[in-house]
Amino acid sequence: MKYATALLLLTVTVSVAEISGDTIAGYLDQIGEDLVYERSDNEFVLLATSQDTVQVPYMFILVDPEMEGCLMVALTPGVVPEAGAERTAALETLAQLNWDNTWVKFAADSETGEVSAMYTFTTENGLGFESFAVMLNVLLGTVDEYWETLEAF
């Protein structure tokens, strides 16, 4: 009987740890009214309002309950040139940024050259609001820190 109770508690603990799109939506809502986002199931697009009142995306969040993971992708002003010495310099800069940053990783889209910053983490043991907010701030803070470097590509 003790083993059956322990197994039941373990099963309940594992199922409670699952993070869903609803969890992430709740966390985004907790951050505040200034945060605007669109949701499609487990995918989120965070939007900023430009000076001419147009909403533009600046971050994507994807939560995958089956894979027990979450991916945050922040857009940057960086675009890697198609060819030449400028391309080489931009790719070397991205490699250095990735070396210098423990948590956030930068990548360039192979088709468009657009540079994004990514943060991927496991949700297998759950995810609290404080941890989520810290991860969001680390990603956005890192993009902000390197904005001028990325803009110079």
Side-chain angles (χ1 to χ4, degrees), residues 4-80 90-91 93-153:
T5 304
L7 183 59
L8 180 61
L9 286 174
L10 179 62
T11 304
V12 169
T13 303
V14 170
S15 65
V16 169
E18 183 176 296
I19 303 300
S20 67
D22 291 337
T23 305
I24 300 301
Y27 289 169
L28 292 172
D29 291 340
Q30 276 185 294
I31 289 173
E33 293 177 18
D34 293 340
L35 190 116
V36 177
Y37 66 91
E38 293 178 356
R39 177 184 179 188
S40 175
D41 196 27
N42 292 332
E43 298 176 19
F44 299 83
V45 178
L46 279 58
L47 303 163
T49 304
S50 67
Q51 291 177 351
D52 54 353
T53 67
V54 174
Q55 290 187 325
V56 293
Y58 65 92
M59 179 181 279
F60 300 97
I61 300 173
L62 170 65
V63 62
D64 188 335
E66 290 180 22
M67 297 285 293
E68 296 182 323
C70 186
L71 169 67
M72 295 178 170
V73 179
L75 304 179
T76 77
V79 178
V80 173
L91 292 173
T93 300
L94 288 180
Q96 186 64 50
L97 290 174
N98 285 333
W99 178 263
D100 293 342
N101 288 282
T102 303
W103 305 107
V104 175
K105 296 303 170 199
F106 292 88
D109 184 292
S110 60
E111 292 181 23
T112 65
E114 294 174 330
V115 176
S116 58
M118 293 182 242
Y119 190 96
T120 306
F121 53 93
T122 181
T123 60
E124 70 180 301
N125 293 318
L127 175 66
F129 171 73
E130 292 82 11
S131 296
F132 178 79
V134 165
M135 290 179 227
L136 193 68
N137 285 321
V138 165
L139 182 56
L140 293 175
T142 303
V143 169
D144 188 49
E145 179 180 350
Y146 295 107
W147 190 268
E148 289 180 12
T149 300
L150 295 163
E151 197 172 40
F153 289 171

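Fair warning: this is a prediction, and the values are worked out from it, not measured in the lab. Counting from 1, the numbers follow the sequence of the chain as shown. As a basis for the values below, the full set of heavy atoms in this structure was taken, side chains included, without hydrogen atoms, waters or symmetry mates.
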Checklist entry - For L127, does its backbone N or O pair with a side-chain atom of Y27 as donor and acceptor, under 3.5 Å? => result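 Yes: the side chain of Y27 pairs with the backbone of L127.
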
So, taking the atom named [atom1] in [X] and the one named [atom2] in [Y], what distance separates them when rounded to the nearest 0.5 Å?
{"X": "M72", "Y": "I24", "atom1": "CE", "atom2": "CD1", "result": "6.5 Å"}
{"X": "C70", "Y": "I19", "atom1": "SG", "atom2": "CD1", "result": "9.0 Å"}
{"X": "L71", "Y": "E43", "atom1": "CG", "atom2": "CD", "result": "10.0 Å"}

Checklist entry - F153 and V79: side-chain contact (heavy atoms from CB on, under 4.5 Å), yes or no, with the steps? => result CA-CA 6 Å; F153 289 171; V79 178; 5.7 Å; no

Checklist outcome for this item: Here the pair of heavy atoms bringing P65 nearest to V63 is CD-O, 3.6 Å

Checklist outcome for this item: Closest non-hydrogen contact found for P57 with L75 is O-CD1, 3.4 Å

Item to check | Donor + acceptor pair across side chains of D22, S20 (<3.5 Å) | outcome: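 Result is no, nothing qualifies.
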
With a cut-off of 3.5 Å and sequence neighbours excluded, list every side-chain donor-acceptor pair involving residues 111-121.
residue : atom : partner : partner atom : Å
T112    : OG1  : E114    : N            : 3.2
T112    : OG1  : E114    : OE1          : 3.4

Using residues 135-151 as the side-chain source, report each donor-acceptor pair under 3.5 Å to any protein atom, sequence neighbours left out, with the distance given to one decimal.
residue : atom : partner : partner atom : Å
N137    : ND2  : A133    : O            : 3.1
T142    : OG1  : V138    : O            : 2.7

Next on the checklist: With side-chain contact (heavy atoms from CB on, under 4.5 Å) as the criterion, how do N42 and D64 come out once you've worked through the C-alpha distance, each side chain's angles and the decisive distance to 0.1 Å?
Outcome noted: CA-CA 7 Å; N42 292 332; D64 188 335; over 6 Å; no

Exercise answer: donor-acceptor pairs, residues 95-102 side-chain atoms, under 3.5 Å, sequence neighbours excluded:
residue : atom : partner : partner atom : Å
Q96     : NE2  : D100    : OD1          : 2.8
Q96     : NE2  : D100    : OD2          : 3.4
N98     : OD1  : F106    : N            : 2.6
N98     : ND2  : L94     : O            : 3.4
N98     : ND2  : F106    : O            : 3.0
N101    : ND2  : L97     : O            : 2.7

